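Because the structure is predicted, anything quoted here is derived from the model rather than measured.
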Amino acid sequence: MIRERRTLLGCLIVLIFSTQYCLAEIFSSIAQMETMVTTERQLADKLDLYIAAQQERVEFINSYVSRLEVLAADAAEHGILHPAAAFLHTVALSVELDDLMNFLSSFQEPEQRLDDLVAFREQQTLPDKTDLKGAAIAIARLQDVYKITADQFAEGKLCDRPSNDLESEADRPSLTISDSFTVANQLFDAEQVNESIDWFDLVLERCAAIAEIELDEEDQGQDLDEGQDLECEASVIATSLTRIAYANYLRGNTTGAILQTAEALAFDETNQEALMFLKIYFGHTASEDEDVAADSSATEEGEAQNKQSSQEGKEGAAWDPKSFYGTYNRDIFRTLCRADSPNIRDSKLDTNLRCRLSSSNDDFGKISPINVEELDNFPEVKVFRNFLSAAEADYLVAEGLKHLKRSTVVHPASLANSSKDEQEEFDLKAVLTSRTAKTAWLNHDHSDVTAAIIRRAQRATGLDLNNDHAEPMQMGNYGIGGHYDPHFDFFSMEHSKPSFGYQWKDERLATFMIYLTDVEEGGATVFVRRNLTVFPRKGDVLFW
């Protein structure tokens, strides 16, 4: 899981997790009796087909049931914190369940049985195709930040360090060729073409390895693995080659794309996507001469349009996320998330930092001082160690889980066109890919526990955290590859101006972020301009 800096007003307290019968007289005629032999044979043939179909259905169901049992048993023993494990559960309850339902509906299944299954499915909260797409994109995000290849991820290897609960290779969840093909296609369909290529390459490599093994086994007279044959059927190879070819086309290698697509059609000559792309490639090649002739005038026109667009941008017609959140070095961001470069932060920045006990200048603080670890002085960043007990953290998680909804972001581009009433109510928010999590809100007076935590936070920070000066507690829960891109916890002066479309009445001055769980890997909060990484620890508070 990736978790970066989080946005949190005044002070924001954040919690991080039919049949008809024809009757006729037959027995009175031997000739007609003789026709029964033919009828019996035909009936037996039809019943054989029915039995075969029923066996196929039972085998299909048994296969799916076995997969669910294996996944459930593995989850019971190891949990689903590993992103590969979470992805396998998502696949099983989305596309694989769709396959099962479609398979069963193709038979004359007793209607009540099928209706019961449909009703059960509608009553459950199950992942859908949107979830599957999101999980695949999250996998690609993890690969990007943590330098994980498709092959490593498919084998369950997320990092070089051994994991507490997944110490042996046999315990690590792994993705089959079919699973890898699903990841690749989901990424490609989500227009993350470059990210999908690593997975398509993996599919082709594994299928090639199986083909070599099967060729050797065939020479030795051994039985072949039918399951692997299905995973590497011609359509899978053709689709992989076709989509890799398209990536090459996007990179400007039209000739290479044509050759690879031709190779794909050699495996599956009916592949409609390959045939469609091939027309595009040949059309592109045929028009290259015309494009060269038109380049000069097009360049001049394009420069004029770019100049106009640039001027419009300066006038505030478009929203540039980078100008809003500030620019940052993506490589440094990745390095900080991985924490694999201990020398990235200048040691001089840590010279005057210390760990201390804070009594918060009151009698209660003298009895129970707070453990403070200073991490930076500009801005002031510190950790309050063991601020919450395990019981308090568990309570907040349980309460927050009841109210989780997809996290949103106040969208500056929308605010510029929003009404005053909408702006006043903070209603204009958007679900963006920059923030993939779910959020719940708990009022300070939600319970005696939350009220006590707020009082303790006031003593620790010296800030007035009543409802006029602080937002309710915000709980954030992150899933597979969940993240929040680097951002400011406040709106800059430029975007607070009336010309921007919204005049903020209050500004966020501080963030008080409580970690409610431990994490196996990742989950760091990073400050990209201070080269600072903070990993979560249950009960600790990060304050800046």
Cut-off 3.5 Å, side chains only: do [X] and [Y] have a donor facing an acceptor?
| X | Y | result |
| --- | --- | --- |
| Asn371 | Arg356 | no |
| Asp179 | Thr182 | no |
| Tyr395 | Thr450 | no |
| Glu399 | His446 | yes |

Which pair of heavy atoms, one from [X] and one from [Y], lies closest together, and at what distance?
| X | Y | value |
| --- | --- | --- |
| Ala257 | Tyr249 | CB-CB, 3.8 Å |
| Phe535 | Cys337 | CZ-O, 4.0 Å |
| His89 | Leu71 | CE1-O, 3.4 Å |
| Met475 | Leu516 | CE-CD1, 3.6 Å |
| Gly523 | Tyr146 | N-OH, 4.0 Å |

For Val372 and Val383, run side-chain contact (heavy atoms from CB on, under 4.5 Å): C-alpha distance rounded to whole Å, both residues' side-chain angles, the deciding distance at 0.1 Å, then the answer.
-> CA-CA 6 Å; Val372 181; Val383 172; over 6 Å; no
Are any side-chain N or O atoms of [X] and backbone N or O atoms of [Y], one a donor and one an acceptor, separated by less than 3.5 Å?
| X | Y | answer |
| --- | --- | --- |
| Asp198 | Ala150 | yes |
| Gln143 | Ile148 | yes |
| Tyr64 | Asp99 | no |
| His444 | Ile453 | no |
| Asn443 | Asp445 | no |
| His403 | Leu442 | no |
| Asp540 | Asn386 | yes |
| Glu155 | Gln152 | no |

Flag the pair [X] / [Y] as yes when at least one side-chain heavy-atom distance between them is below 4.5 Å, and no otherwise.
| X | Y | value |
| --- | --- | --- |
| Phe87 | Val91 | yes |
| Val381 | Phe543 | no |
| Thr335 | Arg338 | yes |
| Pro486 | Phe527 | no |
| Leu349 | Arg530 | yes |
| Leu463 | His469 | no |
| Leu542 | Tyr515 | yes |
| Leu158 | His82 | yes |

Verdict with supporting geometry, Arg330 and Val145, side-chain contact (heavy atoms from CB on, under 4.5 Å) | CA-CA 9 Å; Arg330 184 73 182 176; Val145 173; 4.3 Å; yes
Residues Val534, Val526; criterion side-chain contact (heavy atoms from CB on, under 4.5 Å); working and verdict | CA-CA 6 Å; Val534 184; Val526 303; over 6 Å; no
List the steps, then state whether salt bridge (charged side-chain N to carboxylate O under 4.0 Å, His left out) holds for Lys129 with Asp189.
-> CA-CA 12 Å; Lys129 292 180 180 179; Asp189 292 341; over 6 Å; no
[X] [atom1] to [Y] [atom2] distance, which is reported to the nearest 0.5 Å:
| X | Y | atom1 | atom2 | answer |
| --- | --- | --- | --- | --- |
| Leu396 | Ser447 | CG | OG | 7.5 Å |
| Arg459 | Ile454 | CZ | CD1 | 11.5 Å |
| Asp350 | Leu532 | CG | CG | 8.0 Å |
| Leu93 | Leu68 | CG | CG | 6.5 Å |
| Leu187 | Arg243 | CG | CZ | 10.5 Å |
| Ser240 | Leu202 | OG | CG | 9.5 Å |

Which residues pass the ring-ring contact (aromatic ring centres under 6.0 Å, His included) test with Phe188, sequence neighbours left out?
->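 Residues passing ring-ring contact (aromatic ring centres under 6.0 Å, His included) with Phe188: Tyr246.
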For the rings on Phe512 and Trp544, is their centre-to-centre separation under 6.0 Å?
->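 For Phe512 and Trp544, the ring centres are not under 6.0 Å apart.
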Which is it for Ile370 and Leu357 under the side-chain contact (heavy atoms from CB on, under 4.5 Å) test, yes or no, and what are the steps along the way?
-> CA-CA 5 Å; Ile370 298 172; Leu357 291 176; over 6 Å; no
Only one of Arg385, Arg354, Lys382 passes side-chain hydrogen bond (donor to acceptor under 3.5 Å, both in side chains) with Glu373, and that residue is Arg385
Please say whether the positively charged group of Arg456, taken as NZ for Lys or CZ for Arg, lies over the ring of Phe387, i.e. under 6.0 angstrom from the six-membered ring centre and within 45 degrees of the axis.
-> yes
Chi angles and distances behind the salt bridge (charged side-chain N to carboxylate O under 4.0 Å, His left out) call for Arg334, Asp144 = CA-CA 8 Å; Arg334 295 187 186 99; Asp144 172 57; 3.0 Å; yes
Hey, is CG on Asp331 packed in by over 12 heavy atoms from elsewhere, all under 6.0 Å?
-> yes
Neighbour count above 12 (heavy atom, 6.0 Å) for Lys538 NZ =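 For Lys538, atom NZ is crowded (more than 12 foreign heavy atoms under 6.0 Å).
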What do the steps show when you test Arg206 against Asp201 for salt bridge (charged side-chain N to carboxylate O under 4.0 Å, His left out), and what is the final call?
-> CA-CA 9 Å; Arg206 291 191 170 184; Asp201 282 337; over 6 Å; no
Determine, stepwise, if the pair Phe181 / Trp199 fulfils ring pair (Phe, Tyr, Trp, His ring centres under 6.0 Å).
-> CA-CA 7 Å; Phe181 187 60; Trp199 288 93; over 10 Å; no
So among Arg345, Lys348, Arg529, which one has a salt bridge (charged side-chain N to carboxylate O under 4.0 Å, His left out) with Asp376?
->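 One option only clears the test, and that one is Arg345.
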